[in-house]
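Throughout, protein chains are lettered first and strands after them, A, B, ... in sequence-line order, and every chain is numbered starting at 1. Just so you know, these numbers come straight off a predicted model, no measurement behind them.
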2 protein chains.
Amino acid sequence: MSDLLERLRGRGWRMTAQRRVVAEVLDGDHVHLTADEVHARAVEKLPEISRATVYNTLGELVSLGEVLEVSTDRRAKRYDPNAHRPHQHLVCARCGAIRDVHPVGNPLADLPDTERFGFTISDVEVTYRGTCPNCAAG
Amino acid sequence: MSDLLERLRGRGWRMTAQRRVVAEVLDGDHVHLTADEVHARAVEKLPEISRATVYNTLGELVSLGEVLEVSTDRRAKRYDPNAHRPHQHLVCARCGAIRDVHPVGNPLADLPDTERFGFTISDVEVTYRGTCPNCAAG
DNA sequence: TCCTTGACTTGGACAAAGTCCATTGTAGGA
DNA sequence: TCCTACAATGGACTTTGTCCAAGTCAAGGA
């Protein structure tokens, strides 16, 4: 993650305590926090940080391509620091757990020309839904 | 669509003017209206219909499997009366136009066992994003 | 080290989408 | 026709997120 901080500094980001804390919260694998969750964890490290700043910072990280926005349900957006390797998402319909997954092949190849209606397609998003082992056991 | 009304009556739905109007609005191919759009069109036919009733009715149609909820963007949910043939969605990133599309093959086959983390997968949702011919020309 | 400046942060107001609930109305059966 | 359970209504409320004016501060220069 200090990698990230370095890259951001290199891009002319002004380094503030708030931005550092948000970047630290978004560290790890299979991390998919909502903005409010990021805020809650940031507050533990920096009690005065405001919601607006968390939203601003997340938005900047997304524009810079350092974090991905994920919408696996129609509730809050989630922020995924795994922006460096393309992947899709597997979601537990019961508990909401999210895993990054890597399907083989190119999903775009499955859409025939006759089904493209003249669109220029630039991106495919796949969400697998099911029940995670935990919920299946419970 | 009178098919739909018949089916609903058969399932013990109490038929009201409001429900009939909502069902009528949701008729056709490539229809992907938001709840507010459904309400706006319903009001033209039945001026006193309330927003809450539109939400209730849409929710019921979804539970009954007669209409699908689609979340192609982070804004309002859209309601898709094409619930009888499985399909995916193609979305214009510029203007938001949505088309139903039918990819070949089973997208589930592309996810190796090692990438399933013990989940039992029941559903795959694919969203293709790009630029529609109209927006590309403009 | 201290100043300056423009970028950053803050809190609160605001907005969009949707839910909830008490009250009122009505479809459909007896 | 009358009853009654189910449905509709509208307004308050919630969640998620955006916007803004005012205050604060990081970082480069003197």
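Here the P atom of nucleotide C:dA16 and the CG atom of B:D73 are 15 Å apart, to the nearest Å. Following rounding to the nearest Å, A:M15 (CE) and C:dG6 (C1') show an atom-to-atom distance of 17 Å. Look at CD on B:Q18: it is 18 Å from P on C:dT24, rounded to the nearest Å. Separating the CZ atom of A:R20 from the P atom of C:dC8 is a distance of 14 Å, rounded to the nearest angstrom. One interatomic measurement links the two molecules: CD of B:E48 to P of C:dG25, which rounds to 13 Å at whole-angstrom precision.
Between B:E6 and B:R11, none of the side-chain N atoms (NZ, or NE/NH1/NH2) sits under 4.0 Å from a carboxylate O, so this pair counts as no salt bridge. Electrostatic pairing of B:R78 and B:E37 counts as a salt bridge here, judged by a charged N lying under 4.0 Å from a carboxylate O. Of the charged side-chain nitrogens involved, none lies within less than 4.0 Å of a carboxylate oxygen, so that A:E24 and A:R41 do not count as a salt-bridged pair.
Contacts between chain B and DNA chain D, taken as any atom within less than 4.0 angstrom of a protein heavy atom, begin and end at D:dA5 to D:dG10.
Taking the C1' atoms of five terminal pairs at each end of the helix from C:dT1-D:dA30 to C:dA30-D:dT1, the two resulting helix axes are inclined by 20°, rounded to 10°.
Sequence order on DNA chain C of the closest nucleotides to B:R78 and A:T57 puts A:T57 first from the 5' end. Heavy-atom nearest nucleotides on DNA chain D were determined for A:R14 and for B:N56, and the one closer to the 5' end corresponds to B:N56. Summary of the strand contacts: B:K77 and B:W13 both lie near DNA chain C, and taking for each the nucleotide with the nearest heavy atom, the more 5' one is attributed to B:K77.
Put simply, A:R19 has a side-chain N or O that comes within less than 4.0 Å of OP1 or OP2 on C:dC8. Listed pair B:R51 / C:dT19 fails the phosphate criterion, with no side-chain N or O lying under 4.0 Å from OP1 or OP2. A sub-4.0 Å separation between OP1 or OP2 of C:dT19 and a side-chain N or O of B:Y55 is absent.
Residues A:S71 and B:R74 have side chains that bring a donor and an acceptor to within less than 3.5 angstrom of each other.
Using a 4.0 Å heavy-atom criterion, one finds that A:T16 contacts the sugar-phosphate atoms exclusively. The residue B:A52 sits close to a base: some heavy atom pair falls under 4.0 Å.
When side chains are defined from C-beta on, A:L26 does not count as touching A:L4, because their heavy atoms never get closer than 4.5 Å. No side-chain heavy atom of B:T127 sits less than 4.5 Å from a side-chain heavy atom of A:D123.
Judged by distance alone, the side chain of A:T53 and the main-chain N or O of A:I49 form no donor-acceptor pair under 3.5 Å.
Taking every heavy atom of both residues into account, A:V104 and B:P112 meet most closely at CG1-CG, 3.9 Å.
The stretch residues 116-138 of chain B participates, sequence neighbours left out, in these ring-ring contact (aromatic ring centres under 6.0 Å, His included) pairs: A:H30-B:F117.
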